[in-house]
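So you know, we letter chains A, B, ... as the sequences are listed, proteins then strands, and number each from 1.
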Amino acid sequence: MRAPLGAHGRRLYMEEKYVPSAVEEKWQSYWAKQNSFEAVEDPARKKYYLLEMFPYPSGKIHMGHVRNYSIGDVIARFKRMQGYNVLHPMGWDAFGMPAENAAIQHKSHPAKWTYENIAYMRGQLKTLGLSYDWDRELATCDVDYYKWEQRIFLEMYRQGLAYKKVSAVNWCPKCETVLANEQVEDGCCWRCDSIVQQKELEQWSFRITKYAQELLDDTYKLTGWPERVLTMQRNWIGRSVGCEIDFPLQGGLSSIKVFTTRQDTLFGATFMSLAAEHPLALELTTAEQRSEVEAFIEKVRKTDRIKRSADDLEKEGVFTGSYCVNPVTNVKMPIFLANFVLMDYGTGAVMAVPTHDQRDFEFARKYDLPLQVVIQPEGETLDPAAMTEAFTGEGLMVNSGRFDGMGNSDAKETIADFLEKEGIGKKTVNFRLRDWGISRQRYWGNPIPVINCDLCGVVAVPTDDLPVVLPMDAAFTGEGGNPLARVESFVNCTCPQCGEAARRETDTMDTFVQSSWYFLRYCSPKFNSGPLDREKVEAWMPVDQYIGGIEHAVLHLLYARFFTKVLRDLGYCNVDEPFSNLLTQGMVIKDGAKMSKSKGNVVDPNALIERYGADTARLFSLFAAPPEKDLDWSDQGVDGSYRFLNRVWRLVYDVLPAIKEAGAPVPGALSAEGKNLRRAVHKTIKKVTEDVEERFHFNTAIAAVMELVNAIQAFGARNAPENVAVVREAVESVVRLLAPFVPHFAEELWAELGHEGVLEQSGWPQYDVEATVDEEITVVIQVNGKLRSKLTVAPDIQEAAAREAALADPKVQPFLEGVSVRKVVYVPGKLVNIVVG
RNA sequence: GCGAGAGUGGCGGAAUUGGCAGACGCACCAGACUUAGGAUCUGGCACCUUAGGGUAUAGGGGUUCAAGUCCCCUCUCUCGCACCA
């Protein structure tokens, strides 16, 4: 039954029963109408930029999104209530392969599929009551977004930060396309099961290596990031310090350059290992070794990347027939090709020191190559003939000429100086990080804005001719490679330089490019004179809190840092690091496994919202675990959260008539019970504030509110006239503290409590320190560290009194009989420990 | 192999600075209300117990008056990297 309406359409009594759908629809439309979450720059207020990683519009929201965005929304609403000017935007990472696959499957168009998904998912996010500034929404597949990216690309090209190079890629001969590493399953194409080949292709790359040092150094400034993410990035960048050393070819003029971090073992280098792809490989091969070497190179090339880097791959190699010379010992070193030497690390050549490197050791044993010990561990004499593994520890230098007797660690620097002085080598820093290959032979991406001219070579599309718009009339058959390459009207063009017929580049950019700067674009999403409005970017950046999955620890989060630095250097912004604080939330697990269709353990957010409402869905996903941990989904747990909201609703319903007219509590006029409840209220405000603000531990914050609700319910004399003010304050506090977690629910009850304005603008509740002070405290009494009794005493009890009371306590007495008290430890306000023996 | 993190009741999880282990919730048990209960309310709920207590935070040792928390060793799990010269 509906409650009767008052004169202004307002119900006279609140609904007895909590109906989530009614409440949620009401407030969602209110927020939309009021544009409640619009972010406007305001120098008078402190800004707070809160961002969750934007989703790929795959079709519908899953529970991982619900969790991610609920966490973000709590922080956004909390900060807003605290008075911050909050920017909380949302958008779509909208280019990518699945759209193309769906188009092939449904004989549709990637754009149609993508925009339909966006429309649907936007609706789902709105149903969750997330407080986004929807006016800033962007989709990376919008021309208005990607055209600016093309402009950035061209500027990077001019600066030498974007360049074309030949690199090895995974190639499916049937699909005629490049595959990402993760699309290769057991060496076969994930779609057609053909054997994936390694292919050398001309690819566009970004020179991220130029920023390697800065990207590494600045990880030490990111104090708001989880340590493990920083560690992963540092490992990925992989800086190592060592030397480049030239080994002259025997009888030849040229030399082979190696990179080593172990120049201290140079005197023990007895042979040379080159990568199979090393440019000198064939040149160095003698006639009699030719067939063997060619067979080896072919074999290595055929082995795919995954197998090649597998742990159990046996070390193999082949002798080229040529020799080089160890520049410090003049020993003749046979030159081998070895399958474990990587062309894309260092120089693709390794000086082999079998006595002090395990890989070289295994290789030398297999091919019967000489061993020379140059580091002796203390108290032991290594005999090359008897060694079963390389010695990689510390020791004293031997067989190393003038360096004999030095500690090998100390010798590193000395030898490096020596090599530089002699012109044999030089100190270098080498990075594991490689340039970022961004070419994709796919349609649904941002076209790389260049033109290939037979006469002029690669020619940038003039800025005035931008954007290069992705043509809509491509055919999606799943065969014949990149659909874009078959759109004649797109491909055929004239060279902007010479005017002759030319072909447009049909590679599109990796989708990680779009996600590398979307957070900057959010600051001025509609700016139409460039990618970024510098003033707006300066007003909002950096992102104060970024939230997303750990799976992007290296890829996205490294690319975004790189891109921000590039944009800074191009003059678009003044930001060094885009994300001040990073929260990596855990996965949503059910029945011990990640939710997946094949496991049949998927929870559908729509069904959940329909049955319980968004507030319950949010509450449970926040309550069940702290954000950085995996969340174990439990249907019964959801019931529990729903029950809690119903309990709060009923509590308000029950007390409303009595407290309607109540004012603020007058501390001096309270009963003892009233005082206790008020203390609980203010302690709860304190705890919730701290848990949310300092730790993002929403689970304990919610638990604290639950405790307070239990306390209000247990509060016996709540309708007594002297207590109604306390009850009102208590109930209102519950509602206000719940606002960031269950915003519709809280707004509704706030209105029912008779407030005219919206709750979110009423400010975050402040606790009264005075009210939190205990009147009496419990002091624990231990005997030899074991709990024996408890004392209830005044908070200001003196040490002597506490000791005396403890020793006199009847429950403690039996434990003091027949023994002597050796010591009494007193921790003020906490415990007395009587040590006996 | 290297690096990081974790291991607490039947379950998810609390314990923020070394000071009452198990908050809060779920499940379960008993009771009340009820035609009924998958609603609601009340109470119970780590384990053992001779009812005094005793034992418990993966296992073992240590520091301390006091250890889930600090130190050492071992085991298990998760994640990341993995021939990086």
Side-chain angles (χ1 to χ4, degrees), chain A residues 226-236 238-240 242 258-262 265 269 273 275 308-313 315 338-342 344-353 356-360 362-363 430-434 550-551 553-554 586-587 589 619-620 623-626 628-641 643-644 646-647 650 687 690-691 694-695 697 699-710 713-714 778-790 814 822-837:
Chain A
E227 200 50 41
R228 63 182 185 136
V229 174
L230 295 174
T231 305
M232 280 162 73
Q233 292 216 350
R234 286 172 196 142
N235 290 341
W236 188 265
R239 182 181 193 262
S240 47
V258 305
F259 170 74
T260 183
T261 56
R262 294 299 307 274
T265 64
S273 305
R308 202 174 158 182
S309 60
D311 202 15
D312 50 0
L313 186 75
K315 286 172 189 43
N339 64 348
F340 62 87
V341 179
L342 307 171
D344 48 9
Y345 183 78
T347 62
V350 179
M351 68 171 204
V353 185
H356 304 294
D357 181 285
Q358 185 58 25
R359 293 155 301 178
D360 297 341
E362 288 169 34
F363 198 83
N430 194 61
F431 291 93
R432 210 185 72 112
L433 181 71
R434 286 159 211 159
I550 186 79
E551 65 272 18
V554 173
M587 288 190 305
I589 303 285
L619 187 66
F620 178 73
F623 176 64
E628 66 276 11
K629 286 184 65 168
D630 285 349
L631 179 140
D632 218 338
W633 195 265
S634 148
D635 294 333
Q636 282 137 348
V638 177
D639 273 324
S641 293
R643 271 206 293 269
F644 170 68
N646 276 289
R647 213 159 66 234
R650 230 169 18 248
K687 173 157 178 65
E690 288 168 358
D691 281 354
E694 290 161 25
R695 307 197 303 162
H697 278 205
N699 56 334
T700 52
I702 293 165
V705 179
M706 288 175 168
E707 279 185 87
L708 180 58
V709 170
N710 292 344
Q713 280 183 321
T778 302
V779 172
V780 166
I781 311 174
Q782 298 179 338
V783 178
N784 283 351
K786 282 187 181 149
L787 179 72
R788 295 303 178 196
S789 185
K790 293 178 184 181
R822 294 224 170 121
K823 190 171 163 187
V824 178
V825 179
Y826 176 64
V827 180
K830 289 243 166 87
L831 63 76
V832 180
N833 189 10
I834 305 165
V835 185
V836 299

Please report the distance separating the [atom1] of [N] from the corresponding atom of [M], rounded so that it comes out in whole Å.
| N | M | atom1 | result |
| --- | --- | --- | --- |
| rU42(B) | rG25(B) | P | 11 Å |
| rC26(B) | rA14(B) | C1' | 15 Å |
| rC81(B) | rC48(B) | P | 45 Å |
| rU40(B) | rU76(B) | P | 45 Å |
| rU49(B) | rG3(B) | C1' | 47 Å |
| rC33(B) | rC47(B) | C1' | 35 Å |
| rU16(B) | rG68(B) | P | 12 Å |
| rA58(B) | rG53(B) | P | 27 Å |

Describe the nucleic acid contact of [X] in one word from base, sugar-phosphate, nothing, applying a heavy-atom distance below 4.0 Å.
| X | value |
| --- | --- |
| Asp630(A) | sugar-phosphate |
| Arg228(A) | sugar-phosphate |
| Glu694(A) | nothing |
| Arg234(A) | nothing |
| Arg822(A) | nothing |
| Gly640(A) | sugar-phosphate |
| Asp357(A) | nothing |
| Pro814(A) | nothing |
| Ser240(A) | sugar-phosphate |

Considering only side-chain heavy atoms of [X], which listed nucleotide, [options], is closest?
| X | options | value |
| --- | --- | --- |
| Met706(A) | rC24(B), rC20(B), rA14(B) | rC24(B) |
| Thr261(A) | rC84(B), rG13(B), rA85(B) | rA85(B) |
| Gln636(A) | rC20(B), rC84(B), rC26(B) | rC26(B) |
| Thr231(A) | rA23(B), rA85(B), rG3(B) | rG3(B) |
| Arg643(A) | rA27(B), rG53(B), rA85(B) | rA27(B) |
| Phe623(A) | rG25(B), rC65(B), rG13(B) | rG25(B) |
| Arg359(A) | rG12(B), rA23(B), rC84(B) | rC84(B) |
| Val350(A) | rC20(B), rG13(B), rA85(B) | rA85(B) |
| Asn833(A) | rC81(B), rC41(B), rA66(B) | rA66(B) |
| Lys315(A) | rC20(B), rC24(B), rC83(B) | rC83(B) |

Euclidean distance, Gln636(A) CD relative to Arg643(A) CZ, rounded to 0.5 Å: 9.0 Å
Atom pair CD/CG of Gln782(A) and Leu787(A) - distance to nearest 0.5 Å: 6.5 Å
Modelled atom types, side-chain donor and acceptor of Asn430(A) and Ser240(A), under 3.5 Å: no
Value in whole Å for how far the [atom2] atom of [N] lies from [atom1] of [X]:
| X | N | atom1 | atom2 | result |
| --- | --- | --- | --- | --- |
| Met232(A) | rG3(B) | CE | C1' | 11 Å |
| Asn430(A) | rA85(B) | CG | P | 8 Å |
| Leu787(A) | rA67(B) | CG | P | 14 Å |
| Glu628(A) | rC79(B) | CD | C1' | 15 Å |
| Gln358(A) | rC2(B) | CD | P | 13 Å |

Most 5' of Asn710(A) and Ala624(A) on RNA chain B, judged by nearest nucleotide: Ala624(A)
Of Ile550(A) and Val827(A), the one whose closest RNA chain B nucleotide lies more 5': Val827(A)
Assigned glycosidic conformation for rG52(B) [threshold 90° from 0]: syn
rG44(B), syn or anti by chi within 90 degrees of zero: anti
Neighbour count above 12 (heavy atom, 6.0 Å) for Arg647(A) CZ: yes
Atom CZ of Arg695(A) with >12 non-hydrogen neighbours under 6.0 angstrom: yes
Minimum-distance pair of heavy atoms, taken over all atoms of Tyr345(A) and Phe431(A): CE1-O, 4.0 Å
Per the atom types in the model, does the base of [N] pair as donor or acceptor with the side chain of [X] at under 3.5 Å?
| X | N | result |
| --- | --- | --- |
| Lys687(A) | rU16(B) | yes |
| Lys830(A) | rC20(B) | no |
| Lys790(A) | rC20(B) | yes |

Asp344(A) side-chain N/O to Arg434(A) backbone N/O, donor-acceptor pair under 3.5 Å: no
Flag, side chain of Asn339(A) to backbone of Lys315(A), donor-acceptor distance under 3.5 Å: no
Check: Phe363(A) ring centroid to Phe340(A) ring centroid under 6.0 Å: yes
Ranges pairing with ranges for RNA chain B, where each run has three or more Watson-Crick or G-U pairs under 3.5 Å: B:1-7 with B:75-81, B:10-12 with B:24-26, B:28-32 with B:40-44, B:46-48 with B:53-55, B:58-62 with B:70-74
Salt bridge Lys687(A)-Glu707(A), side-chain N to carboxylate O under 4.0 Å: no
Partners passing salt bridge (charged side-chain N to carboxylate O under 4.0 Å, His left out) against Asp357(A) (at least two apart in sequence or in another chain): Arg359(A)
